[in-house]
Structures are given as C-alpha cells and as structure tokens.
Undergrad: 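Would you mind keeping the following structure in view while I ask a few things?
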Amino acid sequence: PQNVTFSGHWQYRDRRGSLQPVRYATVILYDWDASSQSATYLGSTTTGADGAWQFGPILNKDPNPRGRALDVFAVLDLNSSKARVESPTFPWYSYQFSGYLYDEAADGNVVIDQTTESTDPNIRAIWIFDDLIRAWLYVNNQAGTDPGGATVRYPSNRDWCCVTQFGPIEISIVGAPSSDVVIHELGHKYMLTAGRWPGLTICPDHGIFQVNPGGQVCAWTEGWADFFPLAVNGDPCYDRDLMAFAPCVDPLADNLEAQGWTDGRPFGDQVEGRLAGALWDILDPVPNWPDVDGDLYVGSLAQIWNTFT
C-alpha cells in the first residue's frame, strides 16, 4: 500500500440559505469496518478560513485484516479553542456532523467535500458556532487581542438566552435564529473573561429603551452587549428573529441608529439603548439618522474595547 492524503471543504447553509464555509472547526477522520460496524480513529485536523481541511499523508492500509484500503468518513466537530457548541445535558458533548463514507480510498489524494444542509435538525448549532467565530475574528482583527474562547449550550430551556460568570452561554431554540441574540450573550462573556466592567451584573428585568431599574451599571452592562452584535454584524438594528442579516425587517427589531431628541424615549446613561446607540455612533462613519445631534466623530472598536478592558 501507498500513502494517501485526505482533504476537502466543509460548508453549511446559513440563516438566509446561502452556502458558507465552516471555519476553524475540528474535522475527525475514521476508518469504517463494515463487518464489525465499528470505526477506528485515524486523527483530526481543523478547517481554515475557507472551510478547507487536509489530513495526511498516512499509509492507505485498512486496519481490518480483510480490507485493502481505508474506508474513510469525516466528522465535523463544533469544537476549537475559539468556540464550542455543545448539548445542554450531561456529559455536554460537542455537536458533531458525520459525512459520507469514502469506500476503498485510492492512493494519492482523496477529496471529501461535505455540505450540511438547512434540513439538518442540528443546523442551528452551526449557525451559533459561526456567530462565535465571526465575533472572535472581529475582536482579534479590530482590537488586536484574543478575547478568549466561548462555549454555548444549545438548546437551553430558558426563554431566550443567558450567561453566567463561570458557566457557558445558554441559547434557546427561540434565541438561535438571531445572530444578534447569540453575539449579545457573547459580549457579556468576553467582558467576564476580561474580568472588567461592563461584565455580568445581576440586573432586574429591563427594556432596551427604558430607564434600567438596575441603574447605570446595569444599563452599561446591557448597553455594551446590545452594541457588540451591531459592530460584529455591521448593521445598526438589534434583531431578535431570523432576519438578523436584513436589518430592521424583524418587527421586534430596535434600530439603534434612528434615535433623536424628539423620539419620545427616555434619555441618559441609565437607558441601555441610548448607550448602545452612542457606542454605535462612535464606530459608524455615517452620520446618525435623523442627524439632529451632529454625529461627526468616527472611532474604532479598538478604542471602545481598550477603554472597557
């Protein structure tokens, strides 16, 4: 037998049905033995920025004495140093997606491309994983720092989502369709990892454009987390439904750009929506709409991140 190298691309259908690469996830390779209906672990690798992965070269010899060449299948594992999505019950396995079996691999180079379609019952786990990856890359690129890895347990039995100081983020079935909801909770987690305010504070129930009953500290805690997905996703609307990438189509969306002195909502730094809007105005190069407050300052995520951390 000669050596063989396995490679491929892993893609998935995003919230809008478009094909996207699964980035910076683990790919595990196994050899399948049909006679014993069991798999032998061969090794693992990771996908790159384009969803591409490669493993090998390895000896193309089936460990089963009756086999000639390897009978390989790949498994996508939503687990890396940057992000992890796991089941909500003990022992909290990370989500895995099995690819098709490549029987009797030929020597040389074997390409195994995979696509996880929107019909997969666990597709939302990949959506969440990509949210975590995009946010990590955004902070790393814009602020020049590693914000730390994050784990999401999905689906949580909570109404929307939640994060605790020492535990993972929890996202429910209701919260998963919105990238903004996922990255909001990740914003809390990143500040907890940094060990700085505005980290997690136990805050009472609150509305985005209400005076926060927890006062200034809670307003800043939530205002930062409201702002963070706007920065990562590049739009000023905090969406709570599937249309998180089509700003303000969601009837539950809050447009944090469209604020002004005459909008009839409370003002001040105890209103999280005002704080999130102010942070967005620092980041956004486009003047506020309606431009009643002279939004001319243009800053960066690095300035905001370094101030908070």
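Because only heavy atoms are used, hydrogens play no part in the values below, and waters and symmetry mates are left out as well, while side chains stay in.
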Undergrad: Are Tyr100 and Leu70 connected in a single hydrophobic cluster, I mean Ile/Leu/Val/Met/Phe/Trp/Tyr linked by side-chain heavy atoms less than 4.5 Å apart?
TA: yes
Undergrad: Just by modelled atom types, is the Leu137 backbone N or O under 3.5 Å from a matching donor or acceptor in the Asn141 side chain?
TA: yes
Undergrad: Which heavy atom of Asp130 sits nearest a heavy atom of Pro21, and at what distance?
TA: OD1-O, 4.3 Å
Undergrad: Ring centroid separation for Phe6 and Phe55, is it under 6.0 angstrom?
TA: no
Undergrad: What class does the angle between the rings of Trp92 and Phe90 fall in, given that below 30° is parallel, 30 to 60° is tilted and above 60° is perpendicular?
TA: perpendicular
Undergrad: Please evaluate residues Trp127 and Tyr12 with respect to the criterion ring pair (Phe, Tyr, Trp, His ring centres under 6.0 Å), reporting the C-alpha separation (whole Å), side-chain torsions for both, the decisive distance (0.1 Å), and the verdict.
TA: CA-CA 9 Å; Trp127 295 352; Tyr12 75 101; 8.1 Å; no
Undergrad: Quick check: do Asn255 and Pro236 have side-chain heavy atoms less than 4.5 Å from each other?
TA: yes
Undergrad: Taking side chain as C-beta onward, heavy atoms only, is Val139 less than 4.5 Å from Val232?
TA: no
Undergrad: State the CG-CG distance between Leu256 and Leu275, to the nearest 0.5 angstrom.
TA: 10.5 Å
Undergrad: Any idea which heavy atoms bring Ile112 and Trp53 closest together, and the distance?
TA: O-CZ2, 3.6 Å
Undergrad: Compute whether any side-chain donor of one residue and acceptor of the other, for Asp14 and Gln20, lie under 3.5 angstrom apart.
TA: yes
Undergrad: Are Glu185 and Ile171 packed together at the side-chain level, in the sense that at least one heavy-atom pair is separated by less than 4.5 angstrom?
TA: yes
Undergrad: Give, for atom OG of Ser94 and atom CD of Glu86, the distance between the pair rounded to the nearest 0.5 Å.
TA: 7.5 Å
Undergrad: Is Leu42 linked to Ile28 within one hydrophobic cluster, defined over Ile, Leu, Val, Met, Phe, Trp and Tyr using a side-chain heavy-atom separation of less than 4.5 Å?
TA: no
Undergrad: So do the side chains of Tyr138 and Ile183 get within less than 4.5 Å of each other, counting heavy atoms only?
TA: no
Undergrad: So which atom in Asn3 and which in Pro57 form the shortest heavy-atom distance, rounded to 0.1 Å?
TA: CB-CB, 4.0 Å
Undergrad: Nearest 0.5 Å, please: how far is OG in Ser87 from CG in Asn122?
TA: 10.0 Å
Undergrad: Mind running salt bridge (charged side-chain N to carboxylate O under 4.0 Å, His left out) on Glu170 and Arg153 for me, showing each step along the way?
TA: CA-CA 5 Å; Glu170 296 184 28; Arg153 284 185 186 160; 5.6 Å; no
Undergrad: Between Leu186 and Leu132, is a side chain to side chain contact (heavy atoms under 4.5 Å, CB included) present by the stated rule, with each step listed?
TA: CA-CA 7 Å; Leu186 181 61; Leu132 303 182; 3.9 Å; yes
Undergrad: Are Ser7 and Gln54 close enough that a side-chain donor and a side-chain acceptor fall under 3.5 Å?
TA: no
Undergrad: Given the rule in the side chain to side chain contact (heavy atoms under 4.5 Å, CB included) test, do Phe129 and Asp131 qualify, once you have shown the distances and angles that lead to the verdict?
TA: CA-CA 5 Å; Phe129 185 83; Asp131 292 337; over 6 Å; no
Undergrad: Report yes if the side chains of Ser179 and Pro229 come closer than 4.5 Å at any heavy-atom pair, otherwise no.
TA: no
Undergrad: Can you tell me how far OG of Ser300 sits from CG of Leu283, rounded to the nearest 0.5 angstrom?
TA: 7.5 Å
Undergrad: Parallel, tilted or perpendicular: which describes the rings of Trp224 and Phe227, with under 30° parallel and over 60° perpendicular?
TA: tilted
Undergrad: First locate atom OG of Ser38, then atom OH of Tyr30, and finally report the distance between them rounded to the nearest 0.5 Å.
TA: 12.0 Å
Undergrad: Tell me if a side-chain donor or acceptor on Asn233 pairs with a main-chain N or O of Asp235 at a distance below 3.5 Å.
TA: no
Undergrad: Determine whether a donor-acceptor pair (N or O, by modelled atom type, separation under 3.5 Å) exists between the side chain of Ser80 and the backbone of Lys82.
TA: yes
Undergrad: For Ala105, is there any backbone N or O sitting under 3.5 Å from a side-chain donor or acceptor partner on Asn60?
TA: yes
Undergrad: Using the side chain to side chain contact (heavy atoms under 4.5 Å, CB included) rule, pick out the option among Asp77, Asp120, Ile123 that qualifies with Phe97.
TA: Asp120
Undergrad: Does Arg13 use its side chain to pair, donor to acceptor, with the backbone of Thr116 at less than 3.5 Å?
TA: no
Undergrad: Evaluate the ring planes of Phe228 and Trp305, with Trp represented by its six-membered ring, and classify them as parallel (under 30°), tilted (30 to 60°) or perpendicular (over 60°).
TA: tilted
Undergrad: Looking only at side chains, do Asp269 and Gln216 share a donor and an acceptor under 3.5 Å apart?
TA: yes
Undergrad: Work out which heavy atom in Asn212 is nearest to a heavy atom in Cys218; give both atom names and the distance.
TA: OD1-CB, 3.3 Å
Undergrad: Ignoring hydrogens and geometry beyond distance, is a side-chain donor-acceptor pair present between Asn79 and Thr26 at under 3.5 Å?
TA: no
Undergrad: When hydrophobic residues are tied together by side-chain contacts of less than 4.5 Å, even through go-betweens, does Val27 share a cluster with Val75?
TA: no
Undergrad: Val211 and Pro266: which non-hydrogen atoms are nearest, and at how many Å?
TA: CG2-CB, 3.9 Å
Undergrad: For the residue pair Ser178 and Asp180, confirm or rule out a side-chain donor-acceptor distance under 3.5 Å.
TA: no
Undergrad: Please check this pair: side chain of Asp71 against backbone of Glu104, looking for a donor-acceptor N/O pair closer than 3.5 Å.
TA: yes
Undergrad: Cut-off 3.5 Å, side chains only: do His184 and Glu222 have a donor facing an acceptor?
TA: yes
Undergrad: Decide side chain to side chain contact (heavy atoms under 4.5 Å, CB included) for Glu272 and Thr221; before the verdict, give the C-alpha distance in whole Å, the side-chain angles of both, and the deciding distance to 0.1 Å.
TA: CA-CA 8 Å; Glu272 63 179 271; Thr221 297; over 6 Å; no
Undergrad: Looking at CG of Leu101 and CZ of Phe73, how far apart are the two atoms once the value is rounded to the nearest 0.5 Å?
TA: 7.5 Å
Undergrad: Is Asp226 close to Asp254 at the side-chain level, that is, under 4.5 Å between some pair of heavy atoms?
TA: no
Undergrad: So, the side chain of Arg124 versus the backbone of Ile173: is there a donor-acceptor pair under 3.5 Å, distance only?
TA: yes
Undergrad: Is a donor on one side and an acceptor on the other found under 3.5 Å between the side chain of Lys189 and the backbone of Gly167?
TA: yes
Undergrad: I need the minimum non-hydrogen distance between Tyr238 and Val181, along with the two atoms involved.
TA: OH-CA, 3.7 Å
Undergrad: Checking side-chain polar atoms at under 3.5 Å, does Trp136 have a donor or acceptor matched by the opposite partner on Asp146?
TA: yes
Undergrad: Is any side-chain heavy atom of Gln114 closer than 4.5 Å to one of Leu76?
TA: no
Undergrad: Yes or no on side chain to side chain contact (heavy atoms under 4.5 Å, CB included) for Phe209 and Asp263, after CA distance, side-chain angles and deciding distance?
TA: CA-CA 11 Å; Phe209 280 112; Asp263 60 18; 5.8 Å; no
Undergrad: Donor-acceptor pair, distance only, cut-off 3.5 Å: does the side chain of Asp31 make one with the backbone of Thr40?
TA: no
Undergrad: Linking I/L/V/M/F/W/Y whenever their side-chain heavy atoms sit closer than 4.5 Å, directly or via other members, would Trp32 and Leu29 fall into one cluster?
TA: no
Undergrad: Donor-acceptor pair, distance only, cut-off 3.5 Å: does the side chain of Arg23 make one with the backbone of Thr47?
TA: no
Undergrad: For Phe267, I'd like to know if atom CZ has over 12 heavy atoms of other residues, nucleotides or ligands within 6.0 Å.
TA: yes
Undergrad: Counting C-beta onward and ignoring hydrogens, is there a side-chain heavy-atom pair between Thr115 and Asp113 closer than 4.5 Å?
TA: no
Undergrad: Evaluate the ring planes of Tyr154 and Tyr95, with Trp represented by its six-membered ring, and classify them as parallel (under 30°), tilted (30 to 60°) or perpendicular (over 60°).
TA: tilted
